[in-house]
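Notes follow once the structure below has been shown.
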Amino acid sequence: MLKLGNIGFTYGINGFKLHDFSLEIRQGDFAALAGPNGAGKSTVMKILAGITGGYTGAATASGTDMKKMDPAVLARIISYVPQSDSLAFDYSVEQIVSMGRRPHTGPLGVMSQNDRTAVDAAMEEFGLYRKRARLYNSLSGGEKRMALIARAVAQDSSVMLMDEPTSSLDIQHQEKLMEKLCGLHAAGRTVLMISHGINLTSEYFDRVILMKDGIIAADGSPADVITSDKLKEIYGIENFVVENNPLTGRPNIFLIPGRKSNIK
Amino acid sequence: MVKRTVVTAASIGVLLIGTIIWALDSGSVNFTASEILAYLGGAREGGYQIITFIRLPRIIFAMLVGGMLGCAGAILQAVFKNPLVDPFITGISSGAAFGAAAAIVAGVSGLIAPAIAGAFATIFIVYRISMTYTGLDVNRLLLAGVMIGSFFSSLIMFINAVFSRDLIKVVFWLMGDLSNINPDYMLYAVLLALASLAAAIYFANDLNIFTTGEEEARTLGVRTEFIKTLYFCLAGVLTAVSVALSGVIGFVGLIVPHIVRRFTGPDLRAVIPVSFLAGALFLLAADTLARTLFLPAELPVGVITGLAGVPFFLALLPRVRRA
């Protein structure tokens with residue numbers, strides 16, 4: 001579906017580097033990209049999304065070189081959910097979600113009945129239909145996240161890339177958002193999401209890609225990847241145990257403050 | 001949204017007609033409203049030469065220049081993703097004025113092309129200065145704009161002092177003036193304005209998406225580099241043509257889009273054309289005040305727009321900071 005082959009990329013002077021980096025996102029993947037700060041997760045995602053150029057090697061979407069693709073064509077394959085920010089201008093929720101239809105309309109953005117239906121359905125799905133006339137800037141952090149995901153859903157692409165959609169959400173909104181993502185995956189979408197929550201990643205995703213210092217340190221099912229040894233190696237932490245959740249059988253990490261000597 | 005836009009545009013249209021009648025009958029010779037209506041109905045008696053050859057062209061130019069500046073302001077605020085900018089604050093007007101003034105000194109005929117060159121150069125410089133690793137820095141943008149604007153204003157005064165006192169009226173370039181427009185430019189100006197306006201409306205939805213973030217816009221299918229370049233060029237042309245006609249008139253491009261957005265919302269497919277209409281109305285009213293307030297003396301129109309614009313800017317500052 002999406003393939004990065006032997007990517008080389010340098011950011012800034014003496015900055016972050018990717019060297020000979022390869023990754024494949026397969027159709028139907030429900031995958032999390034995790035790792036310490038500065039590991040290169042966002043850079044990899046932005047290359048996958050066609051945002052960041054200036055790399056060597058090849059990034060392909062459905063077998064076509066992304067650099068040679070028209071952005072509107074690429075946008076029908078891949079959607080990207082950024083971390084939410086305030087906007088300079090007061091667009092309504094409906095206007096924001098409607099922007100997701102840009103790959104399907106011309107530059108004037110005249111929407112057909114089909115486009116309207118897709119926008120309404122996406123707003124309905126994410127509980128925004130009654131708030132569609134509200135200003136995006138006036139929404140809470142969680143609602144903003146939902147609006148941006150609704151925009152990506154209205155975009156109707158087969159792959160969704162998300163940059164930490166759960167960050168700074170309370171647990172209620174995290175749970176709600178993850179259930180929505182599971183629904184999107186069940187409906188046939190390929191999802192790749194950056195996440196810092198190891199337990200959340202383990203519980204919800206089928207595939208976990210752990211990055212460190214610009215390389216993939218582990219890639220596989222949660223049971224394969226979320227192990228004491230790997231977490232020690234990748235995050236450099238000591239005071240924790242990994243136990244399986246008795247209800248789901250998935251590995252979870254438990255931090256143990258100040259009891260290093262008591263751990264077996 | 002469409003309804004709000006139509007209602008707003010229609011209301012501005014009505015106000016514009018009223019203002020045109022006011023502008024036609026006010027001045028050193030006053031006409032009554034019935035005389036003006038008779039003139040508009042085809043009567044050619046009395047002081048019609050004043051109306052045909054003095055007031056009407058001036059009214060048309062005031063509307064054209066105001067429309068272009070309002071439109072340029074709406075575009076610049078969108079491309080810079082900042083509601084505090086306009087062609088004047090970003091220094092683009094002064095750059096265009098310097099281009100035109102330099103052309104006069106150099107003996108080049110035609111002011112529009114050199115003004116466009118000056119505007120493009122300024123956009124390039126200001127944009128380069130305000131771009132940092134992490135994106136566009138608003139503080140740098142505003143500072144660079146003001147500094148470069150001052151620099152070009154100084155250069156205009158400098159070449160005026162060194163080369164000639166007659167060719168360039170400094171006040172014209174620095175404060176704007178609609179009393180001296182060369183009617184030969186009318187055709188070019190109208191064509192350039194309409195072509196720019198049409199292009200600006202055609203791609204306005206892509207510009208909407210662009211304002212929500214350049215990176216996201218790409219992933220929504222917008223050719224961001226093209227949109228950015230196109231709109232910088234359109235803003236440059238609109239500003240430069242207005243400056244070549246009437247000098248540097250500040251703050252029209254700041255005030256007009258703000259007021260328009262209050263009524264139409266932020267969608268640029270509405271904001272851009274309505275800003276053209278509202279800019280026409282605003283500058284026509286300002287110019288009519290400028291030439292009738294202290295008869296027989298005439299103020300440069302930039303005095304009126306500056307007196308309105310600076311308090312407006314200061315009132316906006318805290319609200320923008322909070323956002």
Side-chain angles (χ1 to χ4, degrees), chain A residues 11-13 15 42 45-46 48-53 66 69-92 94-96 98-111 133 135-137 147-148 151-152 154-155 157 159-161 163, chain B residues 1-2 4 74 76-85 132-136 138 198-227 230 257-258 260-262 264-272 319-323:
Chain A
Y11 180 79
I13 306 153
S42 287
M45 182 163 279
K46 284 182 179 177
L48 280 170
I51 294 171
T52 299
M66 285 191 200
M69 289 173 91
D70 184 271
V73 175
L74 187 60
R76 287 196 280 268
I77 302 173
I78 303 170
S79 56
Y80 169 74
V81 178
Q83 301 208 27
S84 50
D85 241 340
S86 279
L87 303 176
F89 299 101
D90 278 330
Y91 291 100
S92 68
E94 183 171 13
Q95 284 172 319
I96 291 294
S98 299
M99 289 176 185
R101 296 305 292 174
R102 169 61 180 90
H104 307 274
T105 65
L108 259 180
V110 179
M111 299 218 291
L135 301 182
Y136 174 85
N137 282 340
L148 294 183
R151 182 178 73 181
Q155 195 172 335
S157 61
V159 184
M160 293 178 73
L161 306 176
D163 194 347
Chain B
M1 194 233 41
V2 175
R4 273 162 79 190
L76 287 172
Q77 289 175 7
V79 187
F80 281 120
K81 304 177 196 78
N82 188 301
L84 275 185
V85 303
T132 62
Y133 248 113
T134 51
L136 195 87
V138 175
I201 294 169
Y202 186 72
F203 290 100
N205 192 49
D206 279 3
L207 188 58
N208 276 331
I209 299 173
F210 185 91
T211 66
T212 68
E214 215 166 321
E215 294 187 339
E216 291 98 295
R218 253 197 91 73
T219 66
L220 288 161
V222 175
R223 284 174 293 158
T224 48
E225 283 304 315
F226 165 74
I227 288 296
L230 171 76
H258 268 279
V260 167
R261 276 195 296 268
R262 284 274 167 88
T264 63
D267 189 334
L268 290 154
R269 287 172 291 186
V271 173
I272 287 173
R319 300 196 330 151
V320 172
R321 277 251 175 261
R322 244 182 287 135

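Order of the sequence lines sets the chain letters (A, B, ...), proteins ahead of strands, with each chain counted from 1.
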Listed by chain and number, what are the salt bridge (charged side-chain N to carboxylate O under 4.0 Å, His left out) partners of A/Arg102, not counting sequence neighbours? B/Asp206
Contacting region of A/Leu108 [heavy-atom separation from chain B under 4.5 Å]: both
Test salt bridge (charged side-chain N to carboxylate O under 4.0 Å, His left out) applied to B/Glu214 - qualifying residues, sequence neighbours left out: B/Lys81, B/Lys228
Portion of A/Arg76 that has a non-hydrogen atom of chain B nearer than 4.5 angstrom: neither
Which atoms of A/Asp70 approach chain B - backbone, side chain, both or neither, heavy atom under 4.5 Å: side chain
Heavy-atom pairs under 4.5 Å with chain B - which of A/Gly106, A/Ser157, A/Ala49, A/Ala72 has more of them than the others? A/Ala72
Region of A/Ile96 in contact with chain B, defined by heavy-atom distances below 4.5 Å: side chain
Return the option, out of B/Ala204, B/Gly221, B/Gly213, with the maximum number of heavy-atom pairs under 4.5 Å with chain A. B/Gly221
State whether a side-chain donor-acceptor pair under 3.5 Å links B/Thr211 with A/Tyr91. yes
Would you say the side chain of B/Glu216 lies within less than 4.5 Å of the side chain of A/Arg151, judging by non-hydrogen atoms? yes
Test item: B/Arg218 and A/Tyr80 side chains (from C-beta on) under 4.5 Å apart, heavy atoms: no
